[in-house]
Participant: 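Here it is, the structure, as structure tokens.
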Amino acid sequence: MKQHNKLVTFVSLLAATGILFGTECANAQQEPEIIITKSGNVTNYRIKGSLESSQSIKCIPFKMVSKKHTPPDIYTGVTACMNKGKYDQAAKLMLMARLYGVYDAKRVADKTAGQGIRVLDIRTLSSQPNEKRVLLSNAVKRLAGDKKLFGRFCIALKKKGHPDYHPRYMILHGIKAFNGSIQDDGLVTGFESRKEWGNVMARSCKTKG
């Protein structure tokens with residue numbers, strides 16, 4: 001028991017410092033496939049599949065993104081749009097990815113995995129020079145600050161419906177994935193998808209219903 005507690009404490013400490021975790025498996029019996037990388041004096045540990053895109057997208061209009069695309073998929077579109085200088089388009093994709101991430105964080109059982117959407121955000125932005133990050137930030141502010149434009153965005157996103165994929169990318173980011181203690185499908189039992197998506201939209205987009 002003492003050894004187990006030490007492992008949990010160690011993993012928690014690493015998670016707090018921003019090191020990524022996850023696991024290839026979806027049950028407690030399989031051994032996680034740990035990937036170790038080094039950046040200078042920092043050693044990073046993560047599990048294969050953590051925060052990974054399974055169907056990356058190009059710089060496509062927000063309306064063309066499917067609710068089957070995960071945040072990692074959508075963030076590839078954000079990067080593509082930034083590289084093309086299409087910041088207004090990138091802003092819509094980023095907000096969509098963030099809201100999908102908020103929803104996913106609510107439905108995964110391991111709440112330590114919820115930080116994954118923030119890591120994706122930081123990872124995407126840190127890959128770009130400061131001037132591009134500023135341009136994207138300004139585009140996001142324009143979108144959020146324009147009542148009509150933001151309203152149309154929210155209505156369109158709500159009509160897409162709640163995300164329709166298993167949030168494996170996020171589950172594999174949590175501490176339970178790292179120590180091999182994921183139960184069943186890794187989701188909250190009895191999670192009400194439609195209701196919770198409505199709650200996310202109501203709080204984030206100020207829409208009703």
Side-chain angles (χ1 to χ4, degrees), residues 51-82 84-125 133 135-174 185-209:
L51 306 183
E52 288 184 0
S53 168
S54 59
Q55 46 179 342
S56 60
I57 64 175
K58 297 180 180 180
C59 182
I60 60 177
F62 154 73
K63 64 182 181 181
M64 292 179 62
V65 182
S66 165
K67 64 180 181 178
K68 291 185 178 295
H69 284 113
T70 67
D73 298 333
I74 301 171
Y75 272 106
T76 63
V78 173
T79 298
C81 285
M82 291 180 73
K84 288 188 173 184
K86 297 183 177 182
Y87 295 100
D88 289 338
Q89 201 159 304
K92 290 182 179 180
L93 294 180
M94 175 165 277
L95 288 182
M96 179 181 182
R98 285 176 176 173
L99 290 178
Y100 273 23
V102 169
Y103 173 82
D104 289 340
K106 292 170 68 67
R107 60 178 173 148
V108 297
D110 181 1
K111 296 310 174 185
T112 67
Q115 66 173 328
I117 191 63
R118 177 59 178 158
V119 174
L120 281 168
D121 205 73
I122 293 173
R123 189 169 73 185
T124 300
L125 294 176
R133 294 198 297 269
L135 288 170
L136 177 60
S137 177
N138 290 339
V140 171
K141 290 177 182 177
R142 283 197 302 274
L143 174 59
D146 187 320
K147 186 175 181 179
K148 290 184 178 180
L149 183 62
F150 189 59
R152 289 197 295 269
F153 166 80
C154 289
I155 290 172
L157 182 58
K158 186 176 181 181
K159 284 183 176 180
K160 286 180 184 288
H162 62 77
D164 186 21
Y165 53 79
H166 182 262
R168 177 176 179 273
Y169 79 95
M170 182 175 283
I171 292 171
L172 299 184
H173 181 70
D185 61 1
L187 301 179
V188 172
T189 302
F191 185 79
E192 298 182 58
S193 299
R194 186 174 181 180
K195 176 183 177 181
E196 293 302 334
W197 177 240
N199 289 338
V200 169
M201 293 302 299
R203 284 193 296 271
S204 302
C205 271
K206 307 301 181 183
T207 59
K208 296 181 179 180

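All residue numbers refer to positions in the sequence shown, counting from 1. Because the structure is predicted, anything quoted here is derived from the model rather than measured. Both backbone and side-chain heavy atoms feed into the values below; hydrogens, waters and symmetry mates do not.
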Participant: In terms of relative ring orientation, are F62 and F153 parallel, tilted or perpendicular, with 30° and 60° separating the classes?
Facilitator: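 Taking F153 first and then F62, their aromatic rings sit tilted (interplane angle of 30° to 60°).
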
Participant: Taking the side chain as every heavy atom from C-beta outward, state whether H69 and M96 have any pair of such atoms under 4.5 Å apart.
Facilitator: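 They are not in contact (no side-chain heavy atoms under 4.5 Å apart), so the answer is no.
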
Participant: Heavy-atom distance under 4.5 Å between the side chains of L95 and V140, does that happen here?
Facilitator: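 Yes - at least one pair of side-chain heavy atoms lies under 4.5 Å apart.
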
Participant: Checking side-chain contact (heavy atoms from CB on, under 4.5 Å) for the pair K111/V188: CA distance, chi angles, key distance, verdict?
Facilitator: CA-CA 10 Å; K111 296 310 174 185; V188 172; 3.9 Å; yes

Participant: Please determine whether the number of non-hydrogen atoms from other residues, nucleotides or ligands lying under 6.0 Å from atom CD of E192 exceeds 12.
Facilitator: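 No, because the 6.0 Å sphere around CD of E192 holds 12 heavy atoms or fewer from other groups.
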
Participant: As a quick check of understanding, evaluate side-chain contact (heavy atoms from CB on, under 4.5 Å) for L143 and Y87, giving each step before the final call.
Facilitator: CA-CA 11 Å; L143 174 59; Y87 295 100; over 6 Å; no

Participant: Write down the atom of I171, the atom of D185, and the distance for their closest heavy-atom approach.
Facilitator: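 I171 and D185 have their closest heavy atoms at CD1-O, 3.4 Å.
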
Participant: Would D104 and I117 satisfy side-chain contact (heavy atoms from CB on, under 4.5 Å), going step by step from the backbone distance to the final call?
Facilitator: CA-CA 9 Å; D104 289 340; I117 191 63; over 6 Å; no

Participant: With R107 as the cation and Y165 as the aromatic partner, state whether NZ or CZ is under 6.0 Å from the six-membered ring centre and within 45° of the axis.
Facilitator: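 Output yes; distance and angle both within limits.
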
Participant: Compare all side-chain heavy atoms of K92 with those of L157 and state whether any distance is below 4.5 angstrom.
Facilitator: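 A side-chain contact under 4.5 Å is absent here.
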
Participant: Working note: Y103 + F191, criterion ring pair (Phe, Tyr, Trp, His ring centres under 6.0 Å); need CA distance, chi angles, decisive distance, verdict.
Facilitator: CA-CA 11 Å; Y103 173 82; F191 185 79; 5.6 Å; yes

Participant: Kindly indicate whether the side chain of L125, heavy atoms from C-beta on, has any atom under 4.5 Å from the side chain of M94.
Facilitator: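 L125 reaches M94 side chain to side chain.
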
